[in-house]
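In what follows, every chain begins at residue 1, and chains take the letters A, B, ... in the order their sequences are listed. The figures that follow rest on heavy atoms only: side chains count, while hydrogens, waters and symmetry mates do not.
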Amino acid sequence: MLEVRNLSKSFGGLKAVSDASLDVPEGGIVGLLGPNGAGKTTCFTMIAGFTKPNEGTVRFMGQDITGLPPHRICAMGMIRTFQIVQPFAGLTVQENIAVGAYLHHHDRAEAMAVARQVGKRLGMGAMLDRPASSLTIAGRKRLELARALATGAKLLLLDEVMAGLIPSEVSEIVGIIRQIRDEGHTFLMIEHVMQAVMSLAETAYVLNHGKMIAHGTPRELVQDPGVVEAYLGHGAAARLQEGNHA
Amino acid sequence: MKPQSMGQAVLIALALIYLASLYFMSSPVWMGFTINALIVAVVALAWNITGGFGGMASFGHAAMYGTGAYASAILQVQYGINAWIAFAAGIVAGAAMGAFIGALAFRYGLKGSYFALVTLAFAEVLRICASSFAITGGGSGLQLRLDPGLSTLQFNDRTVVYTILLVIVALVMALTAWLKYSRFGAYLIAVRENEDAARALGIDTYRIKVKAMAISGAFAGLAGVLYLQVWLFIDSAVVYGSAVSIEALIGPIIGGAGTVWGPLIGTLGLHLLGEGAKHLLHNAPGLNFVLYAVVLICALRFLPQGLMGLAGRIGTFRKKEDDNA
């Protein structure tokens with residue numbers, strides 16, 4: 001569904017992302033991991049059209065979308081969410097979701113009906129008339145997801161939806177994402193919360209210093225010495241091995 | 001357009017009672033003063049579209065107001081074109097100027113005070129141009145030939161003028177209410193609240209903002225044409241001066257930016273206050289602006305959502321729960 005090939009981006013002298021490639025199959029949940037500053041969010045902004053890559057191509061459903069503006073990409077069915085949740089504070093929850101629904105439903109009554117339905121699907125039925133600014137972090141993360149879904153997008157790029165949530169909230173969102181996937185959506189998610197990655201992602205890519213260093217199932221990745229060293233520092237994998245043997 | 005609380009209902013009722021009472025007062029002074037206030041209310045409603053709903057605070061709505069007035073005046077005075085056609089042309093010219101300024105400013109991603117400064121610069125450049133060229137009458141301005149009648153859109157009877165203005169203000173407010181609850185309005189508010197999130201949700205934010213400037217420009221141009229038709233004379237300082245731009249933004253901010261009634265209520269309130277001060281302080285010139293500044297500072301400090309926001313907190317109507325699944 002999504003094919004990213006040799007994506008590169010530099011900011012001045014800093015190579016934020018270099019030569020990154022990844023594939024997301026239709027109906028899959030793919031993780032994008034990596035320590036802080038590895039270039040994950042930059043990857044997302046390039047895929048979703050917020051910044052233009054210096055090199056490389058992004059293909060979505062067989063079409064080259066490299067460098068298209070975000071609204072065009074969104075209309076084609078791919079949407080990103082933000083790591084720092086960005087509700088429209090002055091609007092109610094339902095109106096927030098309706099902004100997403102307006103993409104394909106021009107009539108207000110229709111858009112609001114879609115918003116209500118999407119909100120209920122995500123367990124936000126009781127909050128629909130509340131101002132978005134009154135939501136808790138967990139509520140805002142749900143709202144971010146609901147707004148994205150309301151656009152009718154098929155592929156959702158989730159940027160750390162689990163960050164800042166307590167474990168019980170994480171398992172709720174994990175359940176919701178699984179449910180949405182079963183309804184026919186595809187996910188590419190940046191995630192640090194391993195509980196979520198391990199239980200959701202079928203495959204994952206690991207980015208470090210802007211380069212893809214590993215790809216595999218989450219279970220393979222946690223065993224991968226390269227990945228362990230990316231997180232814990234040089235030589236850590238060897239020391240862990242020794243520790244296990246001792 | 002419906003009030004959401006007892007306080008707002010009272011505020012709106014007060015404004016309506018005042019406007020209706022003029023029909024029974026038969027005071028030319030109050031009538032003339034309110035006619036002026038209504039023209040300003042139309043620019044204020046124009047500003048409200050971009051500044052209130054879109055969060056793009058312009059400091060140069062005079063650019064569109066003056067362009068509308070001049071376009072109409074030039075067509076009538078220099079080319080002898082019918083007042084009705086000139087009236088429509090003024091609105092179109094205002095819209096075009098708004099779209100032009102918006103397209104340039106947003107192409108380069110100007111926001112906040114930078115956008116405000118650019119709009120101010122446009123208004124000032126236009127003011128200087130208008131006072132320099134022959135077609136705009138140079139420094140002496142343009143005067144419509146006095147010729148009352150329906151075909152020239154000039155009316156001797158102030159009550160008729162007043163009624164026409166009331167209808168126009170009501171129409172502009174109805175359009176505002178309709179915009180607010182349309183797809184375009186939702187997109188505009190989304191752009192104000194968070195432009196990045198709006199872009200991610202598939203909104204072409206550049207197009208939305210330029211469109212808002214065009215609509216706002218059309219309203220401002222309309223106000224300019226109204227001024228011309230009521231007073232029959234314009235010059236560069238009157239229609240392109242920064243006083244117009246200031247009055248365009250101060251009414252909505254005091255009344256409640258991003259509301260349908262706020263611009264009208266803010267403008268009426270301020271003009272009443274200014275007029276009262278003038279009588280009390282024996283016509284000291286410019287004093288109403290000093291007063292406006294004080295009121296503006298107080299409003300920004302204590303009433304971030306204007307009078308409508310304040311009134312909205314008094315006696316909130318309970319919203320009916322709708323439980324349809």
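For chain B, the nearby parts of A:Tyr102 are the backbone and the side chain; heavy atoms of each come within less than 4.5 Å. Within the 4.5 angstrom heavy-atom criterion, only backbone atoms of A:Ala148 (N, CA, C, O) approach chain B. B:Ile203 touches chain A through backbone and side chain together, each having a heavy atom under 4.5 Å away. Interface residue A:Leu91: only side-chain heavy atoms are found under 4.5 Å from chain B. For A:Glu95, no part sits under 4.5 Å from any heavy atom of chain B, backbone or side chain.
Within 6.0 Å of CD in A:Gln179 there are more than 12 heavy atoms belonging to other residues, nucleotides or ligands. Residue A:Met61 qualifies as enclosed at atom CE: its count of foreign heavy atoms under 6.0 Å is above 12.
Proximity of a side-chain donor or acceptor of B:Arg199 to a complementary backbone N or O of B:Val191 within less than 3.5 Å is not detected.
Residues B:Phe53 and B:Leu179 fail the side-chain proximity criterion, which asks for heavy atoms closer than 4.5 Å.
Geometrically, B:Arg107 engages B:Tyr206 in a cation-pi contact, judged by NZ or CZ lying under 6.0 Å from the ring centre and within 45° of the ring axis.
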